[in-house]
Participant: 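Have a look at this one.
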Amino acid sequence: LTAETHRDAISFTIRCRPDQTDAAVRAFARVLKPRELSVAMVEREAQIIRLESQLRSNFSLLFQSAWNQAYGEAGLHPLGN
């Protein structure tokens, strides 16, 4: 089971042998099951996102700046906002 995150969607791929189909479907069902999140969990993830943003490459920062210049506030960034 792999997933690819896009700006407005997530694509899932399941690859398995025919005899693994039941286990693969159960694994996929676990991924889709809504999770219970606490305020602390959300705050922790927000902190991780802030830290990750500090690790962006110069190219990534340049790309973001050019995108904002071209499309302004109305432009939906391809990597999400």
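Computed from a predicted structure; not experimentally measured. Only this structure's heavy atoms are used, side chains among them; waters, hydrogens and symmetry mates stay out.
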Participant: Test of understanding: with side-chain hydrogen bond (donor to acceptor under 3.5 Å, both in side chains), list the residues that count as partners of Ser65, not counting sequence neighbours.
Facilitator: none
Participant: Can you measure from CG (Leu37) to CD (Glu43) and round to the nearest 0.5 angstrom?
Facilitator: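 Answer for the CG-CD pair, Leu37 versus Glu43, is 12.0 Å.
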Participant: Flag yes if Leu1 and Ile10 sit in one hydrophobic cluster, no otherwise; membership is Ile, Leu, Val, Met, Phe, Trp, Tyr, and two members link when side-chain heavy atoms are under 4.5 Å apart.
Facilitator: yes
Participant: Pairs in or reaching into residues 18-27: which pass salt bridge (Lys or Arg N to Asp or Glu O under 4.0 Å), with residues at least two apart or in two chains?
Facilitator: Arg17-Asp19
Participant: Working to the nearest 0.5 Å, report the span between CE of Met41 and CD of Glu36.
Facilitator: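 Result: 9.5 Å between the selected atoms.
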Participant: Let me check something: do Leu55 and Ile49 share a hydrophobic cluster, defined by ILVMFWY side-chain heavy atoms less than 4.5 Å apart, either directly or through other members?
Facilitator: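 Hydrophobic grouping puts Leu55 apart from Ile49.
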Participant: Restricting to side-chain contact (heavy atoms from CB on, under 4.5 Å), what partner residues turn up for Gln47, sequence neighbours left out?
Facilitator: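 Gln47: side-chain contact (heavy atoms from CB on, under 4.5 Å) contacts with Arg50, Leu51.
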Participant: When rounded to the nearest 0.5 angstrom, what is the spacing between OG1 in Thr21 and CZ in Phe28?
Facilitator: 14.0 Å
Participant: If Ile, Leu, Val, Met, Phe, Trp and Tyr residues are connected whenever their side-chain heavy atoms lie under 4.5 Å apart, and connections chain through other members, are Leu61 and Phe63 in the same group?
Facilitator: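 The answer is no; the residues belong to distinct hydrophobic clusters.
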